[in-house]
Colleague: 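Here you go, one structure.
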Amino acid sequence: MEQNIYNVIFKVTHAGGSGSCFYLKEYDLFVTNYHVVEGFHTVAIQDNNRNPYLARVVLVNPTLDIALLAVDHDFSTLPDLTLAANDSLSISEKIRVAGYPYGMPFTVTEGTVSSPKQLMNGQYYIQTDAAVNPGNSGGPIINDKDEVVGITVSKFTNSDADNMGFGIRVESLRKLFESIEDLDRNCFQVQCDSCDSLISEEEEFCPSCGEKLPEGVFEERQLSPLSEFCENAIEQMGINPVLARDGYEAWLFHKGSSEIRLFVYDRTYLFAISPINLLPKKDVEKVLNYMLDTDFSPYKLGIEGRQIYICYRIHLSDITDKSEDCIRQTLVTLAEKADEMDNMMVERFGCEFSAYSKQDN
């Protein structure tokens, strides 16, 4: 895949998990699966340089399993990713699946088309032997001309697909775009699968044709009380918590140059961790003495390999109405301290910035 093509493939993150999406300049919209964003009207998307953008879910078609996202940002410098012609795929044709499997960094896997038109659950899909994993969903399937031939879907399980890779055919995406000339990019809309009407107000049945709409399609998933507590702390740090979401009760963001990871472990502890620096290759003793002799309470400093971490751990049972303000401030202070310490460790001890740091902030 050419270097410029992967720039249009983004990661989707929210409080329920992550997936992939891709940008179509012709429509100034991002495409993903409906099941990737189900239950959310606002999500974050992230490019391969980990730059986050707030995205509105402006259209969902649950039957096609397609969703469209709009972002208030100028993406005109991104390359064109075009849609392949209908019925252009053939058996044994080489394709590539691009996305963010398991929320990992950008990955491309290659494979061949096992069937260009496989009937599954009443719809036709592309079947491929390319590796498709959770997190790939919503990313593009691309042919050797760098054209989109399908949208990756990983919602099938062993019982119904024997772990083969599948994709929504490009015909379905093209049909959707042909039916949404009046798309409002400022609100959440559901497309009726029967008459293609766009419905922005919560309804049980389509106002145009009377078709029953999927149950709960307008509902937004509610955050847990613990998530609300954590997001209040993140907001207090000056960070939009929606942009920080990295799965269920997990957040990842930068405060200044430092990466901050906030997550619940084993339904028992809340952790806040920042990988601030790498140990210097020489004169390590000065750094180690500083770490051993300094009281960082309530935080801890640790080392794994050359990576230096600052972290804070609290048992979930200790987060009470009486203590939550103090704990919230402790989380905020950790982010501020991490942003100060990484620079200090470089200047004072000759440490290196962590690979997770952002030096352009």
Colleague: Grab the two heavy atoms, one from G138 and one from V36, that are nearest each other, plus how far apart they are.
Modeller: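 Scanning both residues completely, I find the closest heavy atoms to be N-CG2, 4.4 Å.
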Colleague: Determine whether more than 12 heavy atoms belonging to other residues, nucleotides or ligands lie under 6.0 Å from atom CG of D325.
Modeller: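 Yes - once you tally the heavy atoms of other residues, nucleotides and ligands closer than 6.0 Å, there are more than 12.
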Colleague: Just verifying a value: how many Å separate E211 CD and C195 SG, rounded to the nearest 0.5 Å?
Modeller: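 If we round to the nearest 0.5 Å, E211:CD and C195:SG are 8.5 Å apart.
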Colleague: Assess whether ring-ring contact (aromatic ring centres under 6.0 Å, His included) is satisfied between F106 and Y100, documenting all intermediate values.
Modeller: CA-CA 5 Å; F106 179 80; Y100 296 81; 5.8 Å; yes
Colleague: Working to the nearest 0.5 angstrom, can you tell me the gap between M341 CE and R348 CZ?
Modeller: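 Rounded to the nearest 0.5 Å, the CE-CZ separation comes to 9.5 Å.
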Colleague: Work out which heavy atom in G305 is nearest to a heavy atom in L279; give both atom names and the distance.
Modeller: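 The pair with the smallest heavy-atom distance is O-CD1, 4.0 Å.
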Colleague: Starting from the C-alpha separation in whole Å, work towards a yes-or-no answer on side chain to side chain contact (heavy atoms under 4.5 Å, CB included) for I260 and H254.
Modeller: CA-CA 6 Å; I260 310 298; H254 281 84; over 6 Å; no
Colleague: Is there a donor in the side chain of D80 and an acceptor in the side chain of T82, or the other way round, less than 3.5 Å apart?
Modeller: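 The answer is no; no qualifying pair exists.
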Colleague: Quick one: do D87 and R169 make a salt bridge, cutoff under 4.0 Å?
Modeller: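 Result for this pair is yes, salt bridge flagged.
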Colleague: Could you go through D339 and K358, starting from their C-alpha distance and side-chain angles, then the distance that decides it, and tell me whether this counts as salt bridge (Lys or Arg N to Asp or Glu O under 4.0 Å)?
Modeller: CA-CA 10 Å; D339 190 32; K358 263 197 170 182; over 6 Å; no
Colleague: Show your working on ring-ring contact (aromatic ring centres under 6.0 Å, His included) between F22 and F30 and close with a plain yes or no.
Modeller: CA-CA 5 Å; F22 57 95; F30 288 82; 8.9 Å; no
Colleague: Look only at the side chain of D129 and the backbone of T112, and say whether a donor-acceptor pair between them is shorter than 3.5 Å.
Modeller: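 Yes, D129 side chain to T112 backbone: donor-acceptor pair under 3.5 Å.
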Colleague: Should K282 and P280 count as side-chain neighbours, where that means a heavy-atom distance under 4.5 Å?
Modeller: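 SC-SC contact between K282 and P280 ruled out.
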Colleague: In the structure I gave you, are the side-chain heavy atoms of N61 and D193 within less than 4.5 Å of one another anywhere?
Modeller: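 Heavy-atom side-chain distance check passes, below 4.5 Å.
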Colleague: Short question: side chain of T42, backbone of F40 - any donor-acceptor pair under 3.5 Å?
Modeller: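 The answer is no, because no donor-acceptor pair under 3.5 Å joins these two groups.
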Colleague: Taking the six-membered ring of F205, is NZ or CZ of K212 closer than 6.0 Å to its centre and within 45° of its axis?
Modeller: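 Cation-pi check for K212 and F205: passes.
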Colleague: For the hydrophobic clusters of this structure (ILVMFWY residues joined by side-chain heavy atoms under 4.5 Å, transitively), does one cluster hold both Y309 and F296?
Modeller: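 Different clusters: Y309 never reaches F296 through Ile, Leu, Val, Met, Phe, Trp or Tyr contacts under 4.5 Å.
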Colleague: Would you say that V60 contacts Q191 through its side chain, given a criterion of any heavy-atom pair below 4.5 Å between the two side chains?
Modeller: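 Side chain of V60 against side chain of Q191, heavy atoms only: no contact under 4.5 Å found.
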Colleague: Does a salt bridge link K145 with E147, judged by any charged N lying under 4.0 Å from a carboxylate O?
Modeller: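 No, no charged N to carboxylate O under 4.0 Å.
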Colleague: Would you call L68 and F177 a side-chain contact if the rule is heavy atoms closer than 4.5 Å?
Modeller: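 Of all side-chain heavy-atom pairs linking F177 with L68, at least one is under 4.5 Å.
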Colleague: Could you walk me through whether T63 and Q123 pass the side chain to side chain contact (heavy atoms under 4.5 Å, CB included) check?
Modeller: CA-CA 9 Å; T63 302; Q123 294 192 60; 4.0 Å; yes
Colleague: Rounded to the nearest 0.5 Å, how far does CD1 of I319 lie from CZ of R328?
Modeller: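 Nearest 0.5 Å value for the CZ-CD1 distance: 10.0 Å.
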Colleague: Test P140 against every option in V170, L83, V148 by the side-chain contact (heavy atoms from CB on, under 4.5 Å) rule and name the one that passes.
Modeller: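 By the side-chain contact (heavy atoms from CB on, under 4.5 Å) criterion, P140 pairs with just one of V170, L83, V148: V148.
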Colleague: Say whether, by atom type as modelled, one donor and one acceptor occur between the side chain of E235 and the main chain of N240 under 3.5 angstrom.
Modeller: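 The answer is no, because no donor-acceptor pair under 3.5 Å joins these two groups.
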Colleague: Quick one: do R221 and E219 make a salt bridge, cutoff under 4.0 Å?
Modeller: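 Salt bridge absent between R221 and E219.
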Colleague: Taking the side chain as everything from C-beta on, heavy atoms only, tell me whether E110 gets closer than 4.5 Å to K94.
Modeller: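 E110 vs K94: side chains apart.
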Colleague: Around K175, counting heavy atoms of other residues, nucleotides and ligands shown, do more than 12 lie under 6.0 Å from its NZ?
Modeller: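 For K175, atom NZ is not crowded (no more than 12 foreign heavy atoms under 6.0 Å).
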Colleague: So which atom in I199 and which in C192 form the shortest heavy-atom distance, rounded to 0.1 Å?
Modeller: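 It is CD1-CB, 4.2 Å.
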Colleague: Report yes if the side chains of Q46 and N51 come closer than 4.5 Å at any heavy-atom pair, otherwise no.
Modeller: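 No, every pair of side-chain atoms sits at 4.5 Å or beyond.
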Colleague: Check L270, T330, I273, L262 against Y312 for a side-chain contact (heavy atoms from CB on, under 4.5 Å) and give me the one that passes.
Modeller: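 For Y312, the side-chain contact (heavy atoms from CB on, under 4.5 Å) test succeeds with only one of L270, T330, I273, L262, which is T330.
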Colleague: Take atom CE in M104; do more than 12 heavy atoms of anything else shown fall under 6.0 Å from it?
Modeller: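 No, because the 6.0 Å sphere around CE of M104 holds 12 heavy atoms or fewer from other groups.
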Colleague: Do you know the tightest heavy-atom contact between S200 and Q189?
Modeller: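 Scanning both residues, the minimum pair turns out to be CB-CG, 4.0 Å.
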Colleague: If you measure from OG1 on T13 to CD1 on I45, what distance do you get to the nearest 0.5 Å?
Modeller: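 Reported to 0.5 Å precision, the distance equals 9.5 Å.
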Colleague: Can you get from L226 to I239 by hopping between Ile, Leu, Val, Met, Phe, Trp and Tyr side chains that sit under 4.5 Å apart?
Modeller: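 L226 clusters together with I239.
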Colleague: So, does H14 use its side chain to make a donor-acceptor pair with the main chain of Y248 at under 3.5 Å?
Modeller: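 Such a contact is absent between H14 side chain and Y248 backbone.
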Colleague: I'd like to know if the side chain of S137 reaches the main chain of G19, judged simply by a donor and an acceptor atom lying under 3.5 Å from each other, with no hydrogens or angles considered.
Modeller: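 Answer holds: no.
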Colleague: Which heavy atom of S88 sits nearest to which heavy atom of V149, and what is that distance?
Modeller: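 Result for this residue pair: OG-CG1, 4.5 Å.
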Colleague: Donor-acceptor check, side chain of N136 to backbone of V132, threshold 3.5 angstrom: yes or no?
Modeller: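 No, N136 side chain to V132 backbone: no donor-acceptor pair under 3.5 Å.
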Colleague: Applying side chain to side chain contact (heavy atoms under 4.5 Å, CB included), run through I168 and L173 and close with a yes or a no.
Modeller: CA-CA 8 Å; I168 299 166; L173 181 57; over 6 Å; no
Colleague: Using modelled atom types only, decide if a donor and an acceptor are shared between the side chain of H315 and the backbone of S317 within a distance under 3.5 Å.
Modeller: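 Pair found, side chain donor or acceptor close to backbone of S317.
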Colleague: Please find the pair of heavy atoms, one from L54 and one from V71, that lie closest to each other, and give the distance.
Modeller: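 Distance-wise, the nearest heavy atoms are O-CG1, 3.5 Å.
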Colleague: Is there a donor in the side chain of Y23 and an acceptor in the side chain of D28, or the other way round, less than 3.5 Å apart?
Modeller: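 Their side chains do contain a donor-acceptor pair, which is all the 3.5 Å distance test asks for.
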Colleague: Is NZ or CZ of R50 both nearer than 6.0 Å to the six-membered ring centre of Y356 and within 45° of the ring axis?
Modeller: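 Verdict for Y356: no cation-pi partner in R50.
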Colleague: Same cluster or not: are V242 and V43 linked, directly or through other Ile, Leu, Val, Met, Phe, Trp or Tyr residues, by side-chain heavy atoms under 4.5 angstrom apart?
Modeller: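 Each belongs to a different hydrophobic cluster.
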Colleague: Does some side-chain heavy atom of E352 sit less than 4.5 Å from a side-chain heavy atom of K281?
Modeller: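 When only atoms from C-beta onward are counted, E352 and K281 do touch, with a gap below 4.5 Å.
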Colleague: Under a 3.5 Å cutoff, is there a donor and acceptor pairing between the side chains of Q329 and T333?
Modeller: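 Checked: Q329/T333 side chains pair up, N/O donor to acceptor below 3.5 Å.
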Colleague: Tell me whether L278 is reachable from I310 by hopping between hydrophobic residues (I, L, V, M, F, W, Y) whose side-chain heavy atoms are closer than 4.5 Å.
Modeller: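 I310 does not cluster with L278.
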Colleague: If only atom types and distance count, is the side chain of N133 paired as donor or acceptor with the main-chain N or O of P101 below 3.5 Å?
Modeller: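 The answer is no, because no donor-acceptor pair under 3.5 Å joins these two groups.
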Colleague: Do S357 and S354 have side-chain N/O donor and acceptor atoms under 3.5 Å apart?
Modeller: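 The answer is no; no qualifying pair exists.
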Colleague: Can any side-chain N or O of R96 pair as donor or acceptor with the backbone N or O of N143 at less than 3.5 Å?
Modeller: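 Such a contact is found between R96 side chain and N143 backbone.
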Colleague: Could you tell me the separation between the CD1 atom of I180 and the CG atom of D196, rounded to the nearest 0.5 Å?
Modeller: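 Reported value, rounded in 0.5 Å steps: 10.0 Å.
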Colleague: List the steps, then state whether salt bridge (Lys or Arg N to Asp or Glu O under 4.0 Å) holds for R56 with D72.
Modeller: CA-CA 9 Å; R56 296 183 303 279; D72 293 332; 2.9 Å; yes
Colleague: How many angstroms lie between SG in C311 and CG in L301, if you round to the nearest 0.5 Å?
Modeller: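 Taking SG in C311 and CG in L301, the distance rounds to 7.5 Å.
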Colleague: Check the hydrophobic clustering (I, L, V, M, F, W, Y; side-chain heavy atoms under 4.5 Å; chains of links allowed) and say if L59 and F75 are grouped together.
Modeller: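 Shared cluster, yes.
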Colleague: Applying side chain to side chain donor-acceptor pair (under 3.5 Å) to D318 and S323, what does each step give before you reach the verdict?
Modeller: CA-CA 7 Å; D318 291 331; S323 66; over 6 Å; no
Colleague: Tell me if a side-chain donor or acceptor on S258 pairs with a main-chain N or O of A338 at a distance below 3.5 Å.
Modeller: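 Indeed, once roles are kept as given, a pair shorter than 3.5 Å links the two residues.
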Colleague: Answer whether the closest heavy-atom distance between the side chains of I308 and D342 falls below 4.5 Å.
Modeller: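 They are not in contact (no side-chain heavy atoms under 4.5 Å apart), so the answer is no.
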